[in-house]
Amino acid sequence: LNVYEFAINRLINKGEVEMAFNFHKAMLERNWKPDTIACNKILKNLCLQRKISVAFDYLNVVISVGPKPNVVTFSTLINACCKEKDLDKAFEVFDAMTKNGVMPDLIVYSMLIDGLFRAGNLEKGKRLLLMALNSGFKLDVVVFSSLMDAYVRIGDTGRMIKVYKAMLKEGISPNVVTYSILVNGLCQEGKLKEAFGVLGLIVKQGLEPTVFTYSAMIDALCRSGNLVDGIFLFKDMIKKGLELDIVVYSVIINGLCKQGLVPDALRFFFQALSGGLVPNVFILNSLIDGCCRLSRVRDAANVYNLMGKLSIEADVVTYTTLLKGFAKAEMLDEALLLFFQMLKKGFQPDVVTYCTLIDGFSKMRNPTAALRTFNFMCSHGVSPDIAIYNTLINMHFRECHLDAAVELFVHITEKGPNPD
RNA sequence: GCGGAGGAUGAU
């Protein structure tokens with residue numbers, strides 16, 4: 001065990017950041033040199049706890065007094081910045097790295113390229129990829145997989161497959177992560193047959209599908225209404241001895257709730273609990289949504305109260321779902337009450353919340369309240385997206401306000417957002 | 001001995 005690492009982590013966890021840094025300096029002065037690997041682990045820990053600014057302070061201490069940072073030191077921070085979607089900062093670290101005489105490796109490029117793709121900056125990501133190639137790096141399975149997933153995220157399965165084939169042509173063997181990305185991409189596109197084909201391929205290669213692979217498949221099956229096969233795969237996982245996690249439970253629970261089978265969903269919920277898994281806000285929100293879809297507002301409220309007992313914090317999705325439930329049950333007064341409660345609790349309603357409320361008023365033939373909500377939204381820092389305009393245009397047609405509908409349409413074609 | 005890729009919740 002590394003005493004240095006232990007002490008620094010303790011001090012930082014207690015909030016004694018200054019003391020930790022002084023301890024670091026004192027160690028160096030007494031020639032107890034902390035090694036770079038220990039420092040890297042501490043940095044990683046700070047990043048995992050999202051204490052990024054402390055991590056930066058620590059990096060600066062290390063840069064100024066030692067030990068000499070290596071490429072892992074810098075890449076740890078670059079990765080953290082990418083995860084925080086702060087690409088500018090990531091590139092600042094990149095520059096600091098080269099200024100300190102540390103050359104980037106493929107992993108550094110991989111993180112930055114992935115970060116750029118996630119930020120929606122495809123062009124810059126591709127440029128950096130070319131830079132890596134021009135520097136003589138040979139892309140590995142992680143870079144290829146990360147590229148494939150980038151295309152899955154933007155719904156471009158065609159390019160995902162192109163990247164996959166390019167990877168094979170390079171003589172790189174896909175691993176189970178690569179295959180899971182393929183499965184997920186195909187599933188999102190509704191190509192379940194092909195996804196099953198890849199599942200077979202995984203087994204044929206002597207690899208084991210993971211809980212990620214299964215989740216993607218089960219999710220797609222449930223969404224297509226094929227609960228029988230979804231549940232079959234779920235049981236198959238258990239038979240294969242795979243460890244079920246909270247996500248795969250949430251997939252099956254959500255699938256059942258969407259089909260109106262809340263009682264079955266609850267069975268899985270309790271099964272997860274007795275399996276020792278900790279339920280999260282995703283699961284509870286799915287259950288609430290399931291109740292709301294059946295117009296069982298009372299049950300939804302009970303699930304909401306259960307959240308408190310389980311110490312699960314409700315979020316903006318929870319409130320929006322409940323609000324939708326009230327709207328569906330034609331209880332707009334309660335919906336509005338909930339809306340203001342949510343404001344009072346400090347939650348920021350987002351564009352989905354407003355859209356739910358506006359649509360609720362619209363369907364209750366209360367365009368005045370709908371428009372009032374729209375104005376409230378605009379004056380509270382939420383800009384309308386195309387769904388909001390669709391809802392309003394729809395409402396104007398319902399009210400036979402053709403002029404108003406056309407006027408809104410012209411407004412968005414001139415000023416955006418783009419009609420869909 | 002330390003760093004990079006994959007699955008789940010709300011609106012039209």
Side-chain angles (χ1 to χ4, degrees), chain A residues 2 5 35-45 47 70-80 82-83 105-115 117-118 140-150 152-153 175-185 187-188 210-220 222 245-255 257-258 280-290 292 315-325 327 350-360 362-363 385-395 420:
Chain A
N2 189 323
E5 207 183 314
D35 74 333
T36 304
I37 291 177
C39 296
N40 292 346
K41 288 183 182 170
I42 287 161
L43 265 178
K44 181 67 183 172
N45 251 317
C47 293
N70 61 16
V71 65
V72 177
T73 318
F74 289 102
S75 70
T76 302
L77 275 161
I78 289 175
N79 185 237
C82 290
K83 292 273 141 66
D105 61 8
L106 182 62
I107 293 184
V108 169
Y109 279 107
S110 165
M111 294 186 303
L112 288 169
I113 292 164
D114 190 69
F117 274 105
R118 276 178 212 279
D140 66 3
V141 62
V142 175
V143 178
F144 275 110
S145 303
S146 140
L147 279 173
M148 285 169 57
D149 194 51
V152 173
R153 280 195 300 269
N175 61 20
V176 69
V177 175
T178 321
Y179 284 124
S180 299
I181 293 167
L182 264 181
V183 166
N184 187 38
C187 284
Q188 306 260 332
T210 67
V211 61
F212 283 75
T213 330
Y214 274 101
S215 296
M217 294 278 333
I218 295 170
D219 190 39
C222 291
D245 68 7
I246 199 65
V247 175
V248 74
Y249 271 103
S250 105
V251 166
I252 199 100
I253 287 169
N254 185 48
C257 285
K258 289 283 177 294
N280 60 21
V281 69
F282 284 69
I283 301 218
L284 277 285
N285 286 347
S286 284
L287 288 170
I288 290 174
D289 187 49
C292 289
D315 62 10
V316 63
V317 176
T318 314
Y319 287 104
T320 303
T321 308
L322 283 168
L323 211 140
K324 179 185 69 171
D350 62 14
V351 71
V352 178
T353 316
Y354 284 108
C355 192
T356 308
L357 199 50
I358 291 170
D359 190 51
S362 155
K363 286 190 172 131
D385 65 1
I386 189 59
I388 295 279
Y389 284 105
N390 290 341
T391 307
L392 289 175
I393 290 170
N394 204 343
M395 175 184 80
D420 59 8

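Since this is a predicted model, take the numbers as computed values, not measurements. Lettering of chains follows the sequences in order, A, B, ..., and the numbering in each one begins at 1.
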| said: Considering every strand and a 4.0 Å limit on heavy-atom distances, what is the contact class for Val248(A): base, sugar-phosphate, or nothing? | reply: base

| task | Find the distance Ile253(A):CD1 to G10(B):P and express it as a whole number of Å. | result | 14 Å

| request: When you get a sec, tell me which of G7(B), G4(B), U12(B) is the closest nucleotide to the side chain of Asp359(A)? | output: U12(B)

| message | Nearest whole Å is fine: how far is G10(B) P from Asp385(A) CG? | response | 16 Å

| field | Base G3(B) paired with Thr76(A) side chain (donor-acceptor, <3.5 Å) | value | no

| query | Under 4.0 angstrom, heavy atoms only, what part of the nucleic acid is Thr321(A) near: base, sugar-phosphate, or nothing? | reply | sugar-phosphate

| request: For residues Cys47(A) and Ala80(A), report the shortest heavy-atom separation together with the two atoms involved. | output: SG-CB, 3.5 Å

| G7(B), G4(B), U12(B): which one has an atom nearest the side-chain heavy atoms of Ala387(A)? | U12(B)

| said: Measuring from the side chain of Thr178(A) (C-beta onward, heavy atoms only), which nucleotide among G4(B), A5(B), C2(B) has the closest atom? | reply: A5(B)

| field | Criterion side chain to side chain contact (heavy atoms under 4.5 Å, CB included) against Cys355(A), the qualifying member of Ile388(A), Asn390(A), Asp350(A), Asp385(A) | value | Ile388(A)

| task | Scan Arg118(A) against the nucleic acid and name what it touches under 4.0 Å (heavy atoms): base, sugar-phosphate only, or nothing. | result | sugar-phosphate

| Is Thr210(A) close to Thr213(A) at the side-chain level, that is, under 4.5 Å between some pair of heavy atoms? | yes

| query | Does a distance-only test, which skips hydrogens and angles, find a donor-acceptor pair under 3.5 Å between the side chain of Thr210(A) and the base of G6(B)? | reply | yes

| request: Would you indicate which nucleotide in G6(B), G4(B), G10(B) comes nearest to any side-chain atom of Val316(A)? | output: G10(B)

| Side chain of Lys363(A) (C-beta onward), nearest among A8(B), U12(B), A5(B) | U12(B)

| Taking N and O atoms by type only, does the side chain of Thr356(A) place a donor or acceptor under 3.5 Å from a partner on the base of A11(B)? | no

| task | Record whether the side chain of Asp105(A) comes under 3.5 Å of the base of G3(B) through a donor-acceptor pair of N or O atoms. | result | yes

| query | Between the side-chain atoms of Thr353(A) and the base atoms of G10(B), is any donor-acceptor pair under 3.5 Å? | reply | yes

| query | Looking across every strand, which nucleic acid part, if any, lies under 4.0 Å from Ser110(A) by heavy atom: base, sugar-phosphate, or nothing? | reply | base

| remark: Side-chain contact check for Ser75(A): nearest option of G3(B), G10(B), A5(B) is G3(B)

| query | Using a distance-only test with no angle check, is there a side-chain donor-acceptor pair under 3.5 angstrom linking Ser286(A) and Asp289(A)? | reply | no

| query | What is the nucleic acid contact for Val71(A), judged by heavy atoms within less than 4.0 Å: base, sugar-phosphate only, or nothing? | reply | base

| query | Out of G7(B), A8(B), C2(B), which nucleotide sits closest to the side chain of Asn280(A)? | reply | A8(B)

| Where the side chain of Cys355(A) is defined as all heavy atoms beyond and including C-beta, which of G3(B), C2(B), U12(B) is the nearest nucleotide? | U12(B)

| task | Quickly work out the Asp315(A) CG to A8(B) P distance and round it to whole Å. | result | 16 Å

| message | Considering every strand and a 4.0 Å limit on heavy-atom distances, what is the contact class for Val177(A): base, sugar-phosphate, or nothing? | response | base

| request: May I ask you to test the Asn40(A)-Asn70(A) pair for a side-chain heavy-atom distance under 4.5 Å? | output: yes

| query | Among G3(B), G10(B), A8(B), which nucleotide sits nearest the side chain of Ser250(A)? | reply | A8(B)

| task | Would you indicate, yes or no, if G1(B) has its OP1 or OP2 atom less than 4.0 angstrom from a side-chain nitrogen or oxygen of Lys44(A)? | result | no

| query | What nucleic acid atoms does Ser146(A) come within less than 4.0 Å of, heavy atoms only: base, sugar-phosphate, or nothing? | reply | sugar-phosphate

| Which residue, Leu322(A), Thr318(A), Val317(A), Val316(A), forms the side chain to side chain contact (heavy atoms under 4.5 Å, CB included) with Thr320(A)? | Val316(A)

| request: Return the value, rounded to whole Å, for the distance between atom CD1 of Ile283(A) and atom C1' of G10(B). | output: 16 Å

| query | Atom CG of Asn45(A) to atom C1' of G1(B): distance rounded to whole Å? | reply | 15 Å

| request: Find the distance Arg153(A):CZ to A5(B):P and express it as a whole number of Å. | output: 11 Å

| message | It should be established whether Lys258(A) places a side-chain nitrogen or oxygen under 4.0 Å from OP1 or OP2 of nucleotide G10(B). | response | yes

| remark: Per atom distances to the Asn175(A) side chain, the nearest of C2(B), A5(B), U12(B) is A5(B)

| request: Quick one: label Asp420(A) by what it contacts on the DNA or RNA (base, sugar-phosphate, nothing), any heavy atom closer than 4.0 Å. | output: nothing

| Contact check, side chains of Asn79(A) and Lys44(A), non-hydrogen atoms, under 4.5 Å | yes

| task | Using whole Å, report how far OH of Tyr109(A) lies from C1' of A5(B). | result | 19 Å

| said: Just the rounded figure in Å: distance from C1' of U9(B) to CD1 of Ile246(A). | reply: 12 Å

